[in-house]
Amino acid sequence: MAAYAALVSLMHIIDDIERHHSPPISLSKQQVQSLTENVTFLQEFLEAYISPVSDGDEADPLEMRIADAAYAAEHAIESHIVAKIQLSRSKETICSRFFSCFRGAEDPKTVSPNHDDDEEMNLYQDVQNVIQEMDEIKSLAMQRNTEKVVLHDKRRSFVSAPSSTGKNSSGTVVWSEGVVNGILERLVADQHERQVIPITGMGGIGKTTLAKTVYSKPIIEHRFDIRAWATISQQYNTREILCELVSQATKQYKEQLSERSEDELGLELYQYLSGRRFLIVMDDMWSIDAWDRIQRFFPDNENCSRILVTTRLSHLSSQLNNNYIQMEFLDEVRSWELFSKIVFGVGSCPHKLEKMGKEIVEHCRGLPLSIVVVGGILKNMEHTLGGWESIRKNLTSIVNLENDKHCLKVLKMSYNHLPIYLKPCFLYMGVFEEDDSVKVSTLVKLWVSEGFLKPVNGKSLETIAIEFLKDLVDRNLILVGEEGSTGNIKLVKIHDLLRDLCLNEGKRDGFYHVIGQSSPRGRSSQRRVIIRRSTPKKIVLDDLQSMPCARSVVSEYGKVPGSKNSGLLRTLHAYKFRYYDDESYVIKSLASQYVNLRHLAVEVGSMSSIFSSFSRLWNLHTLIVSCEKEFTAPAEIWRMPQLRHIEMTERSFCLPEPSSDDVVIMENLQVLERVRNFKCSEEVVKRIPNIKKLGMQYLGGEGIEHDDYYCLSNIERLCKLESLYISCWYDFRVSLYVLTFPQSLKKLTLSMNGGFEWEKMLEKIGALPHLEKFKLWQGCFKTGKWEMVEDQFPSLKYLGLYSCPSLEHWTAEASSIFPRLEKLQLFHMEELKEIPSQIGDIPTLQKIWMTDCGESSVRCAKEIVDQQVDLQGEVQFHVQVWFPRKDEEMQTFEALQSLAGPNFEVV
């Protein structure tokens, strides 16, 4: 796997140099051809090659030799780039000193005129050595025993297309009604004292999934005033757990709680829970210490509040409550039901495979995770007796192992059956902390930066990454943590046993190194470095200094200590923490030394450290920076065609207009966010033809000459734009009615100043054929009305109306509106008196959220629910109302709370 990833990465470097408008170095055409031929052959060999299965710490020697050869080629090329750019800097300095000598400065130093030639000769020889090594490896590969090589096309035939839905079937676990009802009875029992209900069982047996099942039951939603869920884990952080619980209980964003201490959060939680009936789930608890530190913030209100705890440790459960729930393995019938759902969905198992299938299920020994993972393998294979027989044989060899070892062996088998192009993507999940929810957008950017995604059929690397992610979800190896408002995958997680597998295989293959841990390949050759949150600073310092070949640093550490290596760093992802110029050698050296950076995600006090030598970052793909101060990007940014993603997350930034002398087209740029007063001129539109996501803030300013000073009418010419965010503050002086939108738009968020009239814009927006998500903030409705007509918003799935105090009447002339709407959110719409009754007729509608809305509109929502219940007996959507509990509004709240019932919740 590491070998395949290294080969793909090498080809990316060669392509980047060959396609760059002004590459820092040039490569011999003959050598490029030889490298390409060798790499292509070895990639195809590895795609078809069945590596010897090993349970030890050593990887296959042939694969490691291939990886080492690819690494050597990368090192030769990237080291030469560093030397060339640093030599260029030296010449600039010498030139400056030469002229300064006329002003009495010291004599300039000289550089050998043959230095460039020497460097190029060294590069040529180093690459030639690699080519010779690859030629030898190629010969060995061709001589390999044919029993260990299968036809490429045959191996690929086992791989199905990625799931188009992105759903994860691993949540489908079949328990007896008695198990679920037993927990429900204890949760709703009329025992007034606060009770702890532990659920115990081995890893992979379904404790968390069972807890989620009962947690989301309507009877539980209606029973408890407050429900909150926190994952504890082995390396728990009390403050983070309290922050999560307070956020869920009080409906505050976690960013609002970031400055509060552990005690302040605990006190707020205690006060908010006091007097209310609550259900708290503490998932994956490993120690009584974690319980002792948190449970004191859960008051005993004598009102039937409950705390549900899941743990693998039976002795811990008995400490919490002797009457705990012990999870049992699934019986034969339920194991087969689960297996059938995973492999065949709503279909049934063909008769010819049923006997073999039941033998496979028997070897899973009733462990849900094993059944889910093995089912994921078989779902993506041809349904033949031969294919299923190979799986059964593998399971037979491990059936007599102890439970934990048995489960890990089954999981290892699922990894072995992955196509090689998915293995690096799966193993990369071990980079993140235990139980972390990982943003899909972050994961995709890191996969692209790391260079192990092979281009396919002209698709963008980001598109390939999403397809690979969905494939891993479809195979039940990655879990969907949260879906976005339009059904896309927003967050992903991984089961801790599967994460252990990632770490074990990643260590064995030398795919990455966790600081502070041993490595079978030693530290000096490590290329990907992970810094955990809990790693002591001294260990981090010592380890980093011994890794001169590091290409990637992913850090959950407070700061990234400097490593004065050879400047070969490609990926620096340490975005969650703040860095200051006087504290980190890495930040000081970003642009001056680490010239090969592809992915930079950090928080800094000042942008000067990054932009001081920005033009030398010849291959930068992703720039994500949180900076305390607003700033202006350097003009050189328009001469960096490799850039794919530019995002500033705390303060907006100005982007100067490109010079007409520049001819660089930024074909790769897909994301540009938080740019301030962006002038979308014809010159700019030409430079960013493939932009997909654009986020702009307009603050106004001096010197504005006319209504379309910022050329907003040109946005329509960005024909590949899918997501647009525009925010305008109150002092903005330009008319926004000139705004036009491209037909490609799928997501649109508009936040306008108080005087902007939406009536003039909504008809234009409603005509967009592909718009799926629309958020509207502030602005005004001059007439106080929004009258909807036929054929508007044909594709809209999500609509959010936020803080529009002038909107009182929302009506519809059409018999049907929003034909595909799934979710509606109304936030601070206090004056809204009515909601179109036609919304209740939308067949796809799932949920309505209402926060701080007027009593009249809430009653309209209740009427919609009641109408649907009368017509259908059961409705497919429900309404959730969040209402502020202010003293002067308590009477209104109590009146609305009396409306609560099935499909209608008031909190």
Side-chain angles (χ1 to χ4, degrees), residues 16 19-24 81 85 88-89 92 445 448-449 462 569-572 575 587 589-604 606-699 710-711 714-715 718 720-721 725:
D16 288 341
R19 296 176 183 177
H20 200 281
H21 77 291
S22 180
I81 290 172
I85 292 176
S88 174
R89 288 177 57 206
E92 291 173 5
K445 286 190 282 286
V448 171
S449 166
E462 288 78 8
L569 202 64
R570 292 185 202 156
T571 299
L572 176 60
Y575 169 67
I587 298 301
S589 306
L590 285 174
S592 59
Q593 180 178 356
Y594 295 112
V595 297
N596 285 306
L597 273 174
R598 291 180 187 169
H599 176 103
L600 174 61
V602 291
E603 298 190 23
V604 295
S606 168
M607 290 299 294
S608 60
S609 56
I610 295 177
F611 284 155
S612 59
S613 304
F614 196 58
S615 60
R616 296 190 178 97
L617 299 177
W618 73 279
N619 201 22
L620 189 66
H621 291 180
T622 299
L623 178 64
I624 305 176
V625 180
S626 178
C627 183
E628 289 183 320
K629 305 172 185 176
E630 294 183 343
F631 58 90
T632 299
E636 290 94 333
I637 204 167
W638 290 109
R639 295 191 288 276
M640 303 179 70
Q642 305 299 93
L643 274 170
R644 313 172 75 92
H645 186 110
I646 305 173
E647 179 184 356
M648 306 298 152
T649 60
E650 187 169 344
R651 293 285 185 268
S652 59
F653 74 109
C654 284
L655 189 62
E657 288 193 72
S659 167
S660 58
D661 297 333
D662 296 333
V663 294
V664 176
I665 304 299
M666 301 181 70
E667 294 182 348
N668 294 309
L669 189 64
Q670 297 185 32
V671 178
L672 179 60
E673 292 198 79
R674 267 193 190 271
V675 60
R676 184 171 71 253
N677 291 353
F678 184 60
K679 196 167 186 178
C680 196
S681 63
E682 289 189 18
E683 196 67 37
V684 168
V685 170
K686 292 177 185 176
R687 302 298 176 88
I688 54 174
N690 298 317
I691 195 81
K692 290 185 177 180
K693 187 174 184 180
L694 180 60
M696 305 179 291
Q697 295 181 334
Y698 288 95
L699 311 180
Y710 289 114
C711 308
N714 281 335
I715 290 177
L718 299 173
K720 294 188 179 180
L721 191 67
Y725 171 92

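The model shown is predicted, which means the values in this text are computed figures rather than measured ones.
- Taking SG of C680 as the start and CG of L694 as the end, the distance is 7.0 Å to the nearest 0.5 Å.
- Across all their heavy atoms, P658 and E683 have their closest contact at CG-CG, 3.9 Å.
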Inset, instruction - Could you check Q697 against R674 for side chain to side chain contact (heavy atoms under 4.5 Å, CB included), going step by step and ending with a plain yes or no? - result: CA-CA 6 Å; Q697 295 181 334; R674 267 193 190 271; 3.3 Å; yes
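- Side-chain contact between R687 and I665 is present, with at least one heavy-atom pair separated by less than 4.5 Å.
- For the pair Q642 and N619, the tightest heavy-atom approach, listed with the atom from each and the gap, is NE2-OD1, 3.1 Å.
- Taking 4.5 Å as the limit, every side-chain heavy atom of L623 sits out of range of all side-chain heavy atoms of M640.
- Atom OG1 of T571 sits about 9.5 Å away from atom NE2 of H621, to the nearest 0.5 Å.
- For P641 against N668, the heavy-atom pair with the smallest separation is O-ND2, 3.1 Å.
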Inset, instruction - Would you sort out whether K445 and V671 count as a side chain to side chain contact (heavy atoms under 4.5 Å, CB included), showing the intermediate values? - result: CA-CA 11 Å; K445 286 190 282 286; V671 178; over 6 Å; no
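- Classification of the F631-F653 ring pair by plane angle, with boundaries at 30° and 60°, yields parallel.
- Across S681 and N714, no two heavy atoms sit closer than the pair C-ND2, 3.7 Å.
- The number of heavy-atom neighbours closer than 6.0 Å to NZ of K679, taken from other residues, nucleotides and ligands shown, is above 12.
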Legend entry - Worked check of side chain to side chain contact (heavy atoms under 4.5 Å, CB included) between R644 and L669: CA-CA 4 Å; R644 313 172 75 92; L669 189 64; 5.8 Å; no
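- Here the CG atom belonging to L672 is positioned 9.0 Å from the CE atom belonging to M648, to the nearest 0.5 angstrom.
- We find the CD1-CD1 distance between I691 and I646 to be 7.5 Å, quoted to the nearest 0.5 Å.
- Of all non-hydrogen atoms in H599 and L620, the two that sit nearest each other are N-CD1, 4.3 Å.
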Legend entry - side chain to side chain contact (heavy atoms under 4.5 Å, CB included) between L600 and Y594, intermediate numbers included: CA-CA 11 Å; L600 174 61; Y594 295 112; over 6 Å; no
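- By the 4.0 Å N-to-carboxylate-O rule, K686 lies too far from E682 to be salt-bridged with it.
- Under the side-chain hydrogen bond (donor to acceptor under 3.5 Å, both in side chains) criterion, R598 pairs with no residue, sequence neighbours left out.
- One finds the OH atom of Y725 at 11.5 Å from the NZ atom of K693 (value rounded to the nearest 0.5 Å).
- Y698 and F678 get closest at one heavy-atom pair: OH-O, 2.7 Å.
- Between the side chains of N690 and E667, no donor-acceptor pair is found at a separation under 3.5 Å.
- Contact check on K692 versus E462 returns no salt bridge, with no Lys/Arg side-chain nitrogen under 4.0 Å from an Asp/Glu carboxylate oxygen.
- Separation of atoms CG (L643) and CH2 (W638) is listed at 10.5 Å; rounding is to 0.5 Å.
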